[in-house]
Amino acid sequence: MIQEKKPSLASIQSCEFSFLDTVGYKTFEIRNSENSGEKTVQILPDIATCSDCIQDIFDKTNRRYLYPFTNCTNCGPRFTIIESLPYDRINTTMKNFIMCQDCRQEYENPLNRRFHAQPNACTDCGPYLELWDKDENILSTRHDALLATVTAIKNGKIVAIKGIGGFHLVVDARNEEAVVRLRLQKNREEKPFALMFPSVESIKNECDISDLEKHYLCSPHSPILLLHRKTSGGSSFIGNSVAPNNPYLGVMLPYTPLHHILMKELGIPVVATSGNLSDETICIDNHEALNRLAKIADLFLVHNRPIVRHADDSIARVVMDRKMILRRARGYAPLPITLENLSTPVLAFGGHLKNSVAICSNNNVFISQHIGDLETGETTKTFHQVIEDFQQMYEIKPQILACDLHPEYLSTKHAQKQEIQQSIPLVRVQHHFAHVVSCMAENDLDGSVLGVSWDGTGYGSDNTIWGGEFLISTTKSFIRAAHIRTFCLPGGEKAIKEPRRTALGLLYEIFGDEVFDMDHLIPIQMFSAAELTIMRKMFVKAINVPRTSSVGRLFDAIASIVGLRQNIKFEGQAAMELEFAIRKDQSTNKKYEFRIQRSGSSSKNMDNYSSPLIIDWEPMIKDILDDLKQKAPIEHISTKFHNTLINFIITIVNKFKEKQIVLSGGCFQNKYLLENTILQLRAMNMSPYWHQRIPPNDGGIALGQAVVAANHFKSIRNKLF
Ligand code: ZN
Ligand code: ZN
Ligand code: FE
């Protein structure tokens with residue numbers, strides 16, 4: 001590994017890798033660089049504390065003993081402290097700290113590990129901690145502030161702690177009462193909290209952890225990793241409220257000296273969740289935190305090194321023995337995806353949920369850190385800031401803009417405003433196509449692929465809601481080859497929060513008006529008589545019952561039908577719980593029946609693409625209702641349902657000639673679905689591709705939008721000249 005065997009003076013500031021197909025070279029050669037174009041500036045992500053610096057801070061004889069802002073050229077803040085380029089101290093938030101003589105000597109000595117380490121600092125000259133109460137009274141400073149924080153956490157207090165890319169809200173993870181209080185005050189009902197553990201050893205008490213998972217946890221990126229709770233042995237100290245009804249825990253290790261010192265003093269796992277109110281942007285400024293977190297935190301551990309831009313903790317899981325990023329921020333952003341022939345400067349505005357934006361030029365697509373759901377004023381403000389920030393930082397003036405096809409997305413509306421104000425052409429990219437191209441881009445795929453693009457919702461080219469799509473795609477265009485049969489969502493957006501509504505829509509599609517008399521069905525029992533009357537009217541008069549082909553919604557409907565969940569507290573909850581319900585031994589290969597039809601009646605020839613194939617789930621739903629009548633356990637039904645979905649894919653793949661199968665969209669965060677699909681496709685000699693560096697969810701679509709728009713522009717230009 002290059003990390004271990006590098007020249008003694010070389011320092012690797014960041015290293016990211018992914019798996020690509022083998023090319024088949026016979027010899028090893030070192031070639032000249034092909035890229036003769038303009039040099040692009042690279043801004044590095046923040047890097048977790050290196051082992052040398054950890055040694056320094058725990059060595060009593062070292063002058064940085066217990067200094068929480070220790071760093072060197074191999075580690076420390078980057079992305080979150082850079083105000084402008086070039087990356088020199090004067091252009092960072094360290095500019096106001098004048099280096100003491102010892103620090104300056106290190107900084108100027110080419111043989112020192114801290115040679116030109118821009119945030120270099122020590123106790124004498126660098127940033128320091130303060131513990132504040134809600135009224136901004138300074139309770140203690142420096143190491144005393146840290147020790148007082150430790151005591152407060154152990155006493156069940158909620159402390160807002162300023163880290164590298166923003167504030168965390170921290171409580172003792174073993175203190176159920178404190179965790180529940182945090183949930184109430186943060187207005188976060190059931191969405192799992194992330195945990196920080198003192199060490200890998202301490203994680204082993206709670207979770208199963210493989211060597212590979214350990215490797216990713218300890219990597220310079222230091223993400224939150226989803227780990228399975230211990231299946232046998234050991235008794236858990238983690239309160240149930242940390243991640244209710246969830247067999248996984250989101251776990252991370254300390255990644256700054258501040259966290260290392262804190263966790264060593266604490267010696268216990270803590271909840272370390274974003275310092276924000278429900279889904280807003282994470283706080284980065286001391287006084288902003290005091291304002292926004294006043295109703296949540298009891299105390300504030302702050303420091304005087306300003307944070308320029310936010311970076312949430314990244315989230316990853318291991319799938320098929322590879323890392324899959326679910327939320328891309330600290331440690332990864334803004335590392336680019338490098339592609340060939342991508343010269344046009346494009347600005348892509350991303351989607352609506354889990355928004356991130358992208359800007360590209362000179363063959364690099366820089367994808368912003370996770371911004372969040374564009375549903376609150378705070379997040380929208382951040383969205384605008386990041387767009388400005390990225391254009392300024394990379395000095396890119398976009399010649400083309402890209403956004404989603406959805407007319408109501410805030411990101412679309414903003415893009416349209418820019419189109420008019422700056423008279424730059426705007427390309428609207430279909431949501432599921434953007435998912436597919438995003439996955440093609442990070443896997444370096446050319447030619448045509450069969451993209452399986454499954455998620456919650458996205459605006460379709462025919463103005464209906466898509467989400468269970470099979471798109472034969474290149475990076476320029478697509479044909480909708482197949483989709484799942486559509487059904488109604490009574491109440492539209494409301495149905496997304498209430499799987500029982502989605503289930504009703506699905507059942508109505510099969511049974512029509514009779515469904516209202518089928519009292520034995522769980523979703524029917526979940527409505528009052530009055531509610532059912534309203535629903536009935538909505539169907540009959542076709543008021544606010546948009547149709548969808550979404551697999552995400554199909555998951556919701558099944559979760560409701562089997563009685564697992566009727567209302568959700570966070571996006572994807574019903575689907576997650578259905579995934580978790582799968583039999584642990586996964587021994588059943590059973591699946592349900594379904595039908596394939598051709599939309600319209602124009603052609604019986606399955607090989608032509610004139611109209612999409614339709615996967616009709618009706619036989620499956622009837623079988624599920626039968627299984628329920630036979631009192632089949634939910635875990636069996638869930639496993640069979642998942643296997644049926646995989647069979648949808650296999651069946652459609654067999655009807656087309658594409659060998660490259662791309663799996664994208666939020667549904668492919670489901671480990672069982674993704675892994676088993678990959679295995680079955682491989683067994684058929686197909687080449688399946690999935691996400692590794694870019695999220696499969698809507699956090700990844702800005703990349704797809706950017707690539708499609710750049711190609712679109714290229715083809716227009718070629719036609720003109
Ligand atoms: Zn270091
Ligand atoms: Zn110093
Ligand atoms: Fe999506």
Side-chain angles (χ1 to χ4, degrees), residues 11-14 46-58 62-65 67 69-78 89 94 97-108 112-128 220 222 255-257 260 326 350-356 373 404-406 409 411 429-439 451-460 465-469 471 496 548-553 571-572 575 663-669 691 694-705:
S11 77
I12 296 171
Q13 298 230 331
S14 181
D46 304 310
I47 304 157
T49 312
C50 73
S51 53
D52 289 333
C53 284
I54 295 176
Q55 247 175 30
D56 287 353
I57 58 172
F58 291 121
N62 193 290
R63 68 187 194 91
R64 286 196 177 78
Y65 179 56
Y67 181 56
F69 302 95
T70 302
N71 63 80
C72 71
T73 41
N74 301 324
C75 74
R78 300 285 186 276
R89 190 174 177 104
M94 285 301 291
F97 299 94
I98 311 297
M99 268 186 270
C100 69
Q101 217 180 359
D102 287 345
C103 284
R104 178 147 297 277
Q105 264 170 18
E106 293 166 338
Y107 183 84
E108 286 169 355
N112 194 287
R113 201 173 94 237
R114 298 194 165 92
F115 176 58
H116 278 226
Q118 305 304 341
N120 190 28
C122 75
T123 322
D124 290 340
C125 65
Y128 60 89
S222 193
Y255 54 81
T256 71
H260 277 286
L326 303 175
H352 182 68
L353 297 178
K354 299 184 169 67
N355 178 279
S356 67
D373 302 347
D404 197 271
L405 207 56
H406 201 306
Y409 277 5
S411 52
V429 184
Q430 199 281 323
H431 188 96
H432 302 93
F433 178 43
H435 272 306
V436 174
V437 175
S438 156
C439 191
V452 185
S453 199
W454 286 3
D455 66 359
T457 45
Y459 201 79
I465 305 167
W466 291 10
E469 312 309 310
L471 309 177
I496 296 174
T548 186
S549 56
S550 161
V551 170
R553 295 290 85 83
E571 195 212 351
L663 308 169
S664 187
C667 292
F668 290 103
Q669 296 173 109
H691 288 275
I694 301 301
N697 57 49
D698 287 4
I701 69 170
L703 169 63
Q705 291 173 351

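Heads up: numbering here begins at 1 and tracks the sequence. Indexing begins at 1, ligand by ligand and atom by atom, following the structure's order.
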*Taking the Zn ion (ligand 1) as the vertex, measure the angle between atom SG in C50 and atom SG in C72; round to 10°.*
110°

*Is a side-chain donor or acceptor of D46 paired with a backbone partner of R78 at a separation under 3.5 angstrom?*
yes

_Tally of protein N, O or S atoms, where distance to the Fe ion (ligand 3) is under 2.8 Å_ = 4

*Give a rough value, rounded to 10 degrees, for the angle at the Zn ion (ligand 2) between atoms SG of C100 and SG of C103.*
110°

*Atom OG1 in T49, atom CG in D56: separation rounded to 0.5 Å?*
11.0 Å

*Heavy-atom closest pair, residues R89 and N120*: NH1-O, 2.8 Å

*Side chains of Q118 and Y107 in contact at under 4.5 Å (non-hydrogen atoms)*: yes

*Does any donor atom in the side chain of S664 or H691 lie under 3.5 Å from an acceptor atom in the other side chain?*
yes

*Metal site angle (apex the Zn ion (ligand 1)), SG from C53 and SG from C75, 10 degrees*: 100°

*To the nearest 10°, how many degrees is the angle C122 SG to the Zn ion (ligand 2) to C125 SG?*
110°

_Close side-chain approach of C122 to D102, heavy-atom, < 4.5 Å_ = no

*Would you please say whether a donor-acceptor pair under 3.5 Å links the side chains of H431 and D698?*
yes

*Distance from K354 atom NZ to L326 atom CG, nearest 0.5 Å?*
9.0 Å

